[in-house]
Novice: 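Structure incoming, see below.
Every chain is numbered from 1, with letters handed out A, B, ... down the list of sequences. None of the values given here were measured: they were computed from a predicted structure.
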Amino acid sequence: MVDSVEVKEMPPEQNSKAVVIGEHIVEIVSDSGEGAQKCGQSFAAISAKMGNGVWTVEIIPAEIQPPARSRAGASGIRIRIGSKKITNTGNEADLVVALNEQVPYGRIDQKAYHEGTIMLIENKWRTDDSEYIRNQYSDALVDFKNRGYKVLEIPMEEECLKIVKNARKGKNMWVLGMLVFIYSRSIEKGEAQIRNIFRKKSDAIINSNIQLFHSGYDWAQENLDFQFDIPVIESDEELVVMSGNEALAMGVLASGMEVCSMYPITPATSASHLLAEIFSKSGGLIHQAEDEIAAIGFAIGASYAGKTAVTITSGPGIALKTEFLGLATMAEIPLVVIDVQRGGPSTGLPTKVEQGDLLAVLYGQPGAVPKIILAAATIEECFHFVILARKLAEAFRTPVYVLSDTNLATGQQPFPRPKIKKDWFAPPIDQSPWKEDVKPYQWDEKTGLSKRPIPGQAGGQHTVTGLAHNRNSQVSYIPEENQESSELRSRKFASFQKTLNPPIINGKEKGDLLIVGWGSTLGAIEEAVGLAQKEGIQVSSIHLRFMSPFQPGLDDIFKNFKQVMTIEINYSDNKDNPQFTSSSRRYSQLAWVLRARTLVDVDCYSNVEGQPLSPNRILGVIKNKLGIK
Amino acid sequence: MVDSVEVKEMPPEQNSKAVVIGEHIVEIVSDSGEGAQKCGQSFAAISAKMGNGVWTVEIIPAEIQPPARSRAGASGIRIRIGSKKITNTGNEADLVVALNEQVPYGRIDQKAYHEGTIMLIENKWRTDDSEYIRNQYSDALVDFKNRGYKVLEIPMEEECLKIVKNARKGKNMWVLGMLVFIYSRSIEKGEAQIRNIFRKKSDAIINSNIQLFHSGYDWAQENLDFQFDIPVIESDEELVVMSGNEALAMGVLASGMEVCSMYPITPATSASHLLAEIFSKSGGLIHQAEDEIAAIGFAIGASYAGKTAVTITSGPGIALKTEFLGLATMAEIPLVVIDVQRGGPSTGLPTKVEQGDLLAVLYGQPGAVPKIILAAATIEECFHFVILARKLAEAFRTPVYVLSDTNLATGQQPFPRPKIKKDWFAPPIDQSPWKEDVKPYQWDEKTGLSKRPIPGQAGGQHTVTGLAHNRNSQVSYIPEENQESSELRSRKFASFQKTLNPPIINGKEKGDLLIVGWGSTLGAIEEAVGLAQKEGIQVSSIHLRFMSPFQPGLDDIFKNFKQVMTIEINYSDNKDNPQFTSSSRRYSQLAWVLRARTLVDVDCYSNVEGQPLSPNRILGVIKNKLGIK
Amino acid sequence: MYGLKSDLVCDLPSKHFSVEDYSKGVARWCPGCGDHAVLNNTQKLLKEKQLDPAKTVFVSGIGCSSRFPHYMDTYGFHGLHGRAFPVACGVKFRRPDLDVFVITGDGDCCSIGAGAWIHAIRYNMNMTVMLLNNEIYGLTKKQISPTSRIGTVSNTTPEGSIIPPINPIQTTLGVSNASFVAQTADWNPAHMYETIKAGFEHKGFSFIHVIQRCPIFQLSLGKELATNKDVMHYMEHEDGITVSEDIAKTFKHKLSHDPTDLSAARKLAMDTDKVFMGLFYRDENAPRYDEYGASNLGYTIEQKEAVLDAEFDKHAI
Amino acid sequence: MYGLKSDLVCDLPSKHFSVEDYSKGVARWCPGCGDHAVLNNTQKLLKEKQLDPAKTVFVSGIGCSSRFPHYMDTYGFHGLHGRAFPVACGVKFRRPDLDVFVITGDGDCCSIGAGAWIHAIRYNMNMTVMLLNNEIYGLTKKQISPTSRIGTVSNTTPEGSIIPPINPIQTTLGVSNASFVAQTADWNPAHMYETIKAGFEHKGFSFIHVIQRCPIFQLSLGKELATNKDVMHYMEHEDGITVSEDIAKTFKHKLSHDPTDLSAARKLAMDTDKVFMGLFYRDENAPRYDEYGASNLGYTIEQKEAVLDAEFDKHAI
Ligand SMILES: Cc1ncc(C[n+]2csc(CCOP(=O)(O)OP(=O)(O)O)c2C)c(N)n1
Ligand SMILES: Cc1ncc(C[n+]2csc(CCOP(=O)(O)OP(=O)(O)O)c2C)c(N)n1
Ligand code: SF4
Ligand code: SF4
Ligand SMILES: [Mg+2]
Ligand SMILES: [Mg+2]
């Protein structure tokens with residue numbers, strides 16, 4: 001038997017005793033199919049709409065249909081809410097709602113909770129028909145207590161059954177009500193949210209869900225002896241909230257591209273799902289191709305004959321697109337390639353985060369294939385980088401890559417509502433006659449740039465080829481011509497680099513340690529660096545957005561720090577393991593490229609645990625690197 | 001009109017007036033289909049059989065059916081013969097036989113001749129029916145003279161027509177006879193060679209070819225006023241002569257592998273052609289798959305269920321195999337992957353040489369995919385490295401890559417006849433019961449090694465997967481398990497590196513400049529370095545055979561040289577062009593990896609002209625780098 | 001003749017295998033997923049045939065259905081999306097003693113795997129292939145598949161798909177050297193069992209099209225087909241796939257179809273209103289590539305040495 | 001209706017094009033290569049149809065045959081081996097005003113390109129496809145192709161190939177939504193011309209199988225087919241491909257075949273002794289994916305802005 005936290009009566013005046021906190025991390029975990037994600041997303045949306053900073057991360061089970069009540073089945077969502085802007089998923093959770101007592105173990109495996117975490121557990125298992133389950137339940141509760149969690153047993157099922165026949169459907173809204181009370185959220189906004197998410201359903205369904213919501217709220221108000229408030233810092237800024245994949249989809253729309261040719265693959269696919277809904281209404285179309293090779297081939301064909309097209313994929317898809325990516329660079333076809341990275345190698349960890357595609361994207365193709373690679377660090381950048389990529393692709397007549405990852409893809413974050421600009425949208429393609437004396441590859445000697453003839457342009461006829469070719473797009477095996485055309489293709493990227501500014505330093509310009517990051521770790525790194533700086537540690541960070549070519553000025557920045565290291569979510573050999581020597585150690589991906597580029601002894605911390613890096617972990621790495629306890 | 005070198009009578013005693021030379025470079029150029037390559041290969045074989053060092057390189061036209069008598073059509077062969085071992089294609093040719101006067105221009109474009117090169121030209125064009133051709137002919141001869149070539153007009157057609165009706169077929173044997181005289185080769189060996197190459201033909205054909213051969217010999221003896229001799233340094237060593245692709249094929253046979261699964265692609269295919277002839281007689285089979293993806297999938301399936309299999313391809317094929325290569329590493333399937341590199345990027349220069357696949361092979365796959373990569377530097381190594389690769393693949397349970405290139409693939413070179421060893425051949429697969437307590441991935445904690453269960457082994461049942469998995473090959477999403485298994489897979493390569501010796505230094509251990517090379521440039525680099533050393537230049541070289549992991553000791557070697565640079569046949573931005581800055585310059589492929597590994601400022605010289613590098617060119621690079629005129 | 005398994009099974013263990021000997025773990029498909037039935041019937045067949053688990057290999061691609069090998073206690077190869085066929089062909093090429101099964105999904109086989117599929121049909125290697133066709137992408141959560149009917153609303157086709165579906169049976173029958181083509185459905189386990197058995201017994205590439213329900217993402221399939229007795233037709237023939245009378249009775253419609261008649265088979269396959277259960281086509285004489293693969297097994301190292309030596313002689317100077 | 005070219009050709013230039021206006025450079029195929037005839041007839045067709053070179057795109061893969069676009073003075077896309085179809089489909093998707101032609105070889109289409117081929121048939125986009133089938137790999141110098149007959153001796157099959165060839169016509173006819181399938185041969189230019197023309201005029205994916213001689217690597221093809229009058233059969237029908245009486249007379253054998261009869265077409269395609277010239281099958285009503293592609297062209301930036309703005313509203317806080 002477990003003594004759970006006693007449930008006491010609450011004083012009637014709401015909010016009067018609510019403890020004011022700066023932020024909290026909440027998790028809702030359940031078997032899959034119990035609506036935890038919908039509950040959490042609603043909770044996040046309500047909070048965001050009140051003006052709080054939020055960040056959500058989905059908790060995805062390992063299996064599509066894991067056994068019920070298993071640690072492998074932990075499905076749900078984490079929501080970090082704060083008074084200020086939240087930039088990452090944070091450290092351990094402060095409060096957990098668990099629909100059974102087994103799923104929290106999936107998260108405990110991932111070190112998601114700390115001593116003192118409040119755990120609100122469905123209590124129906126205590127009286128389950130199966131003795132086995134009853135025992136599992138009470139064992140777990142003992143164990144949770146031993147781990148120092150504050151456990152509360154909540155009669156969720158029981159309360160829901162007072163309103164609906166099948167508590168499985170609807171319990172999530174009851175939980176939402178409870179959370180709205182606990183965090184002193186607006187009841188009106190909660191109701192509005194429910195009406196919105198069920199807007200396609202019958203009134204009966206909407207009403208029963210609103211009833212459940214109120215029931216959860218009321219029950220909590222009557223029975224819980226604690227309440228929090230996370231006050232809002234007022235701002236006039238208009239905000240939007242969305243996931244990284246939604247931001248990518250809206251970026252495609254905003255770029256004016258009209259063809260997205262893709263093949264489904266986790267975690268990239270959901271970008272196409274939103275796009276599919278909104279694209280056709282705005283003059284765009286999704287083509288779900290028969291495979292990734294055909295997807296990029298189709299995109300290249302569409303780009304060649306029209307506006308720049310986009311293909312969206314993840315690691316295994318990037319692998320399959322390798323040959324066509326080489327062709328696109330060689331034949332100078334503008335193209336946007338979005339890679340929402342997942343855990344690798346091979347099929348790897350499809351639903352988990354990794355920043356493991358950098359080297360493959362940089363160097364995957366045989367021969368010299370220079371490219372422009374952008375890496376979004378925030379959900380907001382997912383939106384803006386697609387627009388930028390389309391422009392660069394056309395200006396530099398080349399494929400442009402946008403890297404995202406699972407963290408960004410499935411996370412939710414508010415950001416300032418972008419002010420739409422007309423020049424985001426691709427203009428209609430040029431169909432005017434081609435100037436007679438201009439060749440199809442009229443490379444500018446200095447910049448390597450040239451204008452492309454588009455089918456329909458009278459006089460622009462030529463045959464695109466992946467073979468070595470001259471300015472007339474004629475196949476050429478003349479040694480000097482291949483040397484020259486290779487060099488001119490390369491110059492485009494040197495030219496592009498000249499337009500870039502050095503990265504901005506987060507912190508002082510000199511110090512003991514410089515952290516270099518890229519991609520979705522931005523928030524966690526900056527939070528950790530901030531904490532370290534507060535402790536007086538001489539650490540700064542930079543976060544790269546341009547992975548190829550790099551922003552200039554890295555040498556100058558690096559030389560002001562005693563040590564430089566990257567923090568990444570991908571594989572590197574552990575330096576402390578004696579098995580790896582300095583001549584064999586494999587570095588994490590950005591570190592490796594920075595070493596070659598700057599000749600600075602760039603060290604790295606990285607792992608392939610498939611989890612977002614928490615600020616605390618990064619703080620530990622910083623201290624460890626500097627020998628601070 | 002052209003004054004050609006006057007044709008004088010020769011003194012009767014053969015060899016008496018022959019000028020003794022250390023080596024010569026001979027080219028035979030023609031339209032394709034005129035048998036120049038057969039002629040040159042025979043000439044090389046005769047010379048090799050006499051005990052000379054030889055090296056041949058095919059001259060391949062740009063188009064499959066270029067117009068006749070065009071510079072794009074230059075087809076033929078270069079043979080470098082010497083008293084000593086010949087290790088590369090050399091500098092400009094000393095003597096050229098041209099079946100028309102236009103094809104030499106294809107070679108002149110490639111700077112293949114020098115002042116004083118002797119040019120023996122078919123004279124039938126002088127009296128061609130077409131005035132246009134007659135003019136072309138005389139214009140060219142004037143031009144050749146102006147270029148300083150020694151031009152001789154030879155009545156090849158006329159002489160052949162005395163023996164055969166159609167001189168196009170057979171002229172090559174007439175030329176062979178002429179060359180055998182010019183270089184004082186053995187008439188008996190010449191005859192034997194002809195009998196061998198026409199062994200499948202009728203006696204009539206053999207006889208007429210022998211007649212043509214004698215006619216060429218006799219004509220030269222009567223009409224030419226010069227003769228050379230390239231004496232032989234006697235040796236008891238038994239030699240064999242073959243091309244790099246033939247050596248690869250024989251290596252496959254010698255490795256005991258029994259399945260070669262491939263898809264045709266230039267310049268790799270001809271390895272399969274020889275293999276197809278000899279494989280089935282020795283218990284092996286070639287599978288020509290429907291594409292490169294299927295080819296490697298089939299090889300992986302065969303390896304998984306049997307002896308290690310091999311797949312052979314070139315750049316575009318490597319691109320297509322990307323995804324499966326990741327799976328093979330992840331699932332630890334032994335496999336030999338042979339990449340005969342060609343000019344890239346994309347379809348590029350299919351018949352030309354480039355060392356452009358290194359980065360793609362190293363980093364092509366998303367996620368962490370460590371690997372063993374061997375790079376053959378000689379034709380002999382093409383043979384031995386395949387055998388080695390098969391062993392390493394099995395010992396380390398991983399794909400092992402063998403890189404070759406067009407130079408090795410189509411070149412011919414004699415080397416000591418390998419003494420066959422029984423342990424080259426893969427033993428029969430283990431079908432004994434699997435030990436009960438051993439897991440399918442029973443990774444050794446230190447080395448990362450494990451033994452693989454092969455279907456048929458009772459008790460070894462498990463399901464191979466490309467998903468993250470544990471020692472039982474069960475899908476696992478547990479963070480620590482993915483970290484651990486990734487690390488154990490990586491350890492294999494650290495373990496392998498411990499078995500390697502540092503590269504051997506060609507020259508002194510200290511100096512002003514260290515040249516680092518890899519692949520087919522070995523002979524040219526060492527020849528150039530030798531010449532430079534003779535001039536007193538403080539330069540040494542090393543040549544890497546293991547591209548991943550690198551041989552140990554590079555740091556120690558590099559630190560004794562003031563400068564380090566690679567010489568490669570692939571793309572790098574020209575440092576001297578102001579458009580490229582230190583933060584944008586793209587280095588050649590090995591240089592880039594060495595920079596990351598050693599943090600030494602490794603410079604590079606490379607080009608993508610699709611040609612073998614000549615010793616003279618490399619010598620120039622060395623002097624230029626050291627500021628020597 | 002090479003390729004005949006009987007030459008090689010002399011070392012078959014004498015142990016008697018039960019269904020449990022072929023099972024591993026708990027199958028992680030949704031309740032009501034048609035894949036469960038295929039798994040059960042396959043395990044049952046292995047038991048009836050007393051296949052040695054150590055000499056049986058299940059090869060799959062990626063998809064819900066492709067998780068199948070993980071639930072078999074045999075050798076398994078859960079490879080890449082769309083690439084089950086090349087791997088399976090490689091496995092079988094030099095191993096006449098192994099029984100090879102391929103499990104693939106409609107996306108895995110007919111979309112990304114289409115090229116390999118066409119060629120595997122043509123190679124006609126001895127293996128039993130089950131295409132678990134739920135007319136949708138299950139694992140990636142509801143995108144259309146090439147086998148989805150016109151009008152299918154999915155996450156990538158919110159307005160409904162517009163191109164007619166690939167008909168896997170028709171397509172297979174269009175490829176030269178097809179040697180065994182049959183159809184069954186997950187809700188008729190007895191028929192499925194007999195079909196898989198007939199496929200296993202056929203010496204060649206046995207292509208079994210399994211209509212598979214996905215109650216999560218493709219409800220209509222189950223609703224339309226599994227419940228409408230007017231659609232399902234049972235193909236009878238003495239050379240066809242025979243089921244017990246009880247099972248045969250469950251079919252409202254029957255017709256006689258001679259499985260050697262390719263044209264008739266193609267005509268049946270074309271019918272978009274009716275679904276024909278059983279054997280469409282069988283050709284026992286189609287050339288088999290696995291017989292070629294097994295044609296020169298067992299060379300000794302000495303024999304190989306001799307060939308190598310002779311080859312060196314040819315290149316000797 | 002969208003997709004109808006006539007809506008969009010209003011800006012056709014008034015210039016009259018001659019055959020030379022469609023030609024570029026000297027075709028670099030071997031003398032006697034069947035590809036020359038295809039090039040000539042195609043140029044002739046373009047002239048007859050007065051296609052605007054600037055609005056015509058030839059897409060190919062890699063192979064001897066795939067060099068074709070380089071010899072046309074139109075737009076061209078000489079892409080990757082096996083990948084002509086996806087590129088061509090991408091080109092056509094949003095450009096109803098372009099005429100798209102695909103040139104592919106038997107290796108390019110039926111081997112490495114098989115998956116893309118099957119799907120391109122199904123998409124049924126309006127384009128004219130010519131498969132130049134020489135039953136061998138030309139460019140890479142004589143390796144078997146999937147269309148090589150059993151026993152073909154090649155550099156990778158010195159002992160002869162052993163698996164029956166893919167029959168491209170049969171395979172195409174097995175894919176749902178196939179809409180135009182015809183056959184011609186390089187040595188009958190007049191018949192070829194009419195066939196290409198009929199293909200061009202068909203609104204959909206017109207698959208034309210061209211028997212193409214390669215005198216360098218596949219001598220037997222020419223010897224067996226081009227010279228044996230008993231093999232070639234001319235398919236007559238009022239809805240078929242009509243040739244002049246003179247040409248029709250050159251055929252010793254004729255038969256009547258209704259191109260709407262899919263089963264009959266498949267039966268003819270199965271015949272391994274006879275070769276049928278002309279139209280096997282045509283379906284003018286098969287759904288076209290290019291019509292879908294052209295269904296929402298021409299949105300203004302303002303319209304797009306409005307959709308984006310509305311979407312932001314949905315995500316607004
Ligand atoms: C190269 C690659 N592309 C895409 C995916 C993502 N993916 C996994 S399964 C699947 C399709 C599954 O559909 P199907 O084959 O019908 O199997 P089902 O899940 O329906 O059984 C896709 C697209 C992948 N794993 N690898
Ligand atoms: C990815 C890739 N694999 C292989 C090749 C080599 N290759 C070029 S053409 C060709 C086959 C040509 O045969 P076919 O398509 O029949 O055309 P043909 O030359 O006979 O006209 C091959 C294998 C290539 N270019 N790219
Ligand atoms: S999603 Fe569909 S196919 Fe996948 S396991 Fe569930 S029911 Fe089966
Ligand atoms: S090799 Fe054959 S297919 Fe290629 S150009 Fe020559 S004849 Fe034509
Ligand atoms: Mg499916
Ligand atoms: Mg061909």
Novice: For the atom pair NZ (C:Lys141) and OG1 (A:Thr266), what is the distance rounded to the nearest 0.5 Å?
Specialist: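 One finds 7.5 Å between NZ of C:Lys141 and OG1 of A:Thr266.
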
Novice: Which bit of C:Ile144 is near chain A, if near means a heavy-atom gap under 4.5 Å: side chain, backbone, both or neither?
Specialist: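 Answer is both: backbone and side chain atoms of C:Ile144 are under 4.5 Å from chain A.
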
Novice: Select all residues of residues 152-169 of chain C having any heavy atom within less than 4.5 Å of some heavy atom of chain A, and report them by number, or 'none'.
Specialist: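 Checking residues 152-169 of chain C against chain A gives C:Asn155, C:Thr156, C:Pro158, C:Glu159.
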
Novice: Give me the atom names and distance for the closest heavy-atom approach of C:Ser111 to A:Glu290.
Specialist: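 Shortest heavy-atom contact: OG-O, 2.8 Å.
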
Novice: Minimum heavy-atom separation for A:Tyr263 to C:Gly107, with atom names?
Specialist: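 Where A:Tyr263 meets C:Gly107 most closely, the heavy atoms are OH-O, 4.0 Å.
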
Novice: Strictly less than 4.5 Å between heavy atoms, which residues of residues 335-349 of chain A line up against chain C? Please order them by number.
Specialist: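 Within residues 335-349 of chain A, the residues that come under 4.5 Å of chain C (heavy atoms only) are A:Ser346, A:Thr347.
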
Novice: Non-hydrogen atoms of chain C under 4.5 Å away: do they reach the side chain of A:Ala294, the backbone, both or neither?
Specialist: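 For A:Ala294, no heavy atom lies under 4.5 Å from chain C.
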
Novice: What part of A:Ser270 gets within 4.5 angstrom of chain C, counting heavy atoms only: side chain, backbone, both, or neither?
Specialist: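 Neither part.
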
Novice: Is C:His78 close to chain A through its backbone or its side chain, or both, or neither, when contacts mean heavy atoms under 4.5 Å?
Specialist: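 For C:His78, there is no contact with chain A at all, as no heavy atom is under 4.5 Å.
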
Novice: Contact part of A:Leu274 toward chain C, heavy-atom cut-off under 4.5 Å: side chain, backbone, both or neither?
Specialist: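 Contact with chain C involves no heavy atom of A:Leu274 at all.
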
Novice: Please check this pair: side chain of A:Gln288 against backbone of C:Gln143, looking for a donor-acceptor N/O pair closer than 3.5 Å.
Specialist: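 Not confirmed, A:Gln288 side chain does not pair with C:Gln143 backbone.
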
